Amino acid sequence: MDKLLTETSKFLSYVLRHEPQAIGLVLDSEGWGTIAELLAGARQTGRVLDEALIRRVVEDNNKQRFAISVDGLRIRAVQGHSAASVAMAYPEQIPPEWLFHGTATRFLPSILAQGLLPGQRHHVHLSSDVATATAVGQRHGQPVVLRIAALAMHQQGFKFWLAENGVWLSGPIPPMFLAAV
Ligand code: HQG
């Protein structure tokens, strides 16, 4: 992705996941906002953005973070939200035996004491492979990957959801289901 695409992707993540009100955008409970309102809001903040650029970001995005509605009028982030107005109904899924969570070593004492917590976001984010989890952990510092006994959790009634870009989501994960990889 070139610099403009990366920068635009970060802007879309910010307004579609966290702070839609920063540009006067309204998201429905499924996370959808209209592209027209997004463009108008961005323009007011002086940002160079047009529909073609939005479509390029959505299509080229390395993690398929965004989706455009079938009618082409609306856009949303497919996971990662913290905005209170959004409560997406992800499809519940039976997880594989193990899922992975990448974090920074400095968070480990707290995580092993409290379990994994969603923090600002609506869910704990999990990966189906160690390489992806390592990259997620690297964003925070010296990475470490935890293995989650996901199927055992499911069998005990914990819920797991799968976002359309392959990111697994869950509620809080108690320490007893965590182990170092
Ligand atoms: C940590 C990116 C202390 C947790 C990624 C993480 C992902 C605790 C941090 C998505 C804790 C939250 C989400 C506890 C959890 N004590 N620290 N009890 N429980 N933590 O960014 O999972 O590129 O909100 O380990 O690829 O890193 O934005 O979550 O380190 O899919 O599309 O608290 O964001 O996707 O950090 O990343 P984040 P995350 P995008």
Side-chain angles (χ1 to χ4, degrees), residues 1 6 9-22 25 27-33 57-58 61-67 75-181:
M1 282 206 289
T6 305
S9 172
K10 286 186 174 166
F11 171 72
L12 292 181
S13 286
Y14 174 68
V15 297
L16 294 174
R17 287 172 169 175
H18 307 299
E19 301 284 348
Q21 67 281 5
L25 180 64
L27 303 181
D28 69 15
S29 61
E30 283 297 309
W32 295 109
V57 171
V58 173
N61 198 261
N62 58 349
K63 284 175 69 180
Q64 296 292 302
R65 291 177 177 87
F66 312 105
I75 184 170
R76 72 174 174 182
V78 302
Q79 38 74 219
H81 299 80
S82 66
S85 62
V86 178
M88 280 171 62
Y90 294 98
E92 201 178 324
Q93 297 272 336
I94 298 176
E97 185 169 11
W98 307 109
L99 285 169
F100 302 93
H101 179 87
T103 188
T105 50
R106 71 179 186 284
F107 297 149
L108 267 186
S110 165
I111 290 173
L112 294 177
Q114 304 177 341
L116 281 172
L117 302 172
Q120 297 293 311
R121 301 187 200 252
H122 295 165
H123 298 95
V124 170
H125 283 55
L126 305 168
S127 309
S128 54
D129 63 276
V130 175
T132 305
T134 305
V136 173
Q138 243 150 16
R139 292 160 46 252
H140 298 289
Q142 177 67 39
V144 57
V145 174
L146 296 168
R147 190 174 69 166
I148 289 105
L151 189 57
M153 285 182 69
H154 163 76
Q155 285 160 352
Q156 293 181 39
F158 289 85
K159 291 183 177 168
F160 290 84
W161 300 274
L162 187 55
E164 60 195 82
N165 64 349
V167 172
W168 284 87
L169 305 168
S170 75
I173 297 185
M176 65 177 288
F177 297 107
L178 300 172
V181 163

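Small disclaimer: the values here were computed from a predicted structure and weren't measured.
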With sequence neighbours excluded, residues passing side-chain hydrogen bond (donor to acceptor under 3.5 Å, both in side chains) with His154
none
Results of side chain to side chain contact (heavy atoms under 4.5 Å, CB included) for [X] - residues two or more places apart only:
| X | answer |
| --- | --- |
| Pro143 | Thr134, Gln138 |
| Val78 | Ala67, Glu164, Asn165 |
| Ala87 | none |

Which side-chain N or O atoms in residues 94-113 pair as donor and acceptor under 3.5 Å with protein atoms at least two apart or in another chain?
from   : atom 1 : to     : atom 2 : distance (Å)
His101 : ND1    : His125 : O      : 2.9
Arg106 : NH1    : His140 : O      : 2.5
Arg106 : NH2    : His140 : O      : 3.3

Return the set of residues passing ring-ring contact (aromatic ring centres under 6.0 Å, His included) with [X] (not counting sequence neighbours), or none when no residue passes.
| X | value |
| --- | --- |
| Phe158 | Phe177 |
| Trp32 | none |
| His123 | Tyr90, Trp161 |
| Phe66 | none |

Measuring from [X]:[atom1] to [Y]:[atom2], what's the distance to the nearest 0.5 Å?
| X | Y | atom1 | atom2 | value |
| --- | --- | --- | --- | --- |
| Arg65 | Ser13 | CZ | OG | 5.5 Å |
| His81 | Leu16 | NE2 | CG | 7.0 Å |
| Ile173 | Met153 | CD1 | CE | 4.5 Å |
| His18 | Leu27 | NE2 | CG | 11.5 Å |

Applied to residues 127-142, the salt bridge (Lys or Arg N to Asp or Glu O under 4.0 Å) test, sequence neighbours excluded, yields none
Tell me the salt bridge (Lys or Arg N to Asp or Glu O under 4.0 Å) pairs involving residues 146-159, sequence neighbours left out?
none
For a quick test of reading the model, state the closest non-hydrogen atom pair linking [X] to [Y] and the distance between them.
| X | Y | result |
| --- | --- | --- |
| Val181 | Leu146 | CG2-C, 4.0 Å |
| Leu126 | Ile148 | CD2-CD1, 3.6 Å |
| Leu178 | Leu116 | CD2-CD1, 3.8 Å |
| Leu25 | Gly33 | CD1-CA, 4.4 Å |

Between Arg17 (side chain) and Ser82 (backbone), is there a donor-acceptor pair under 3.5 Å?
no
Should the pair Trp168 and Phe160 be assigned to parallel (<30°), tilted (30 to 60°) or perpendicular (>60°) ring geometry?
perpendicular
Salt bridge (Lys or Arg N to Asp or Glu O under 4.0 Å) filter on Glu30, not counting sequence neighbours, yields Arg76
For the residue pair His122 and Met88, establish whether any side-chain heavy-atom pair is separated by less than 4.5 Å.
no
Within 6.0 angstrom of Gln120 CD, more than 12 heavy atoms from elsewhere:
no
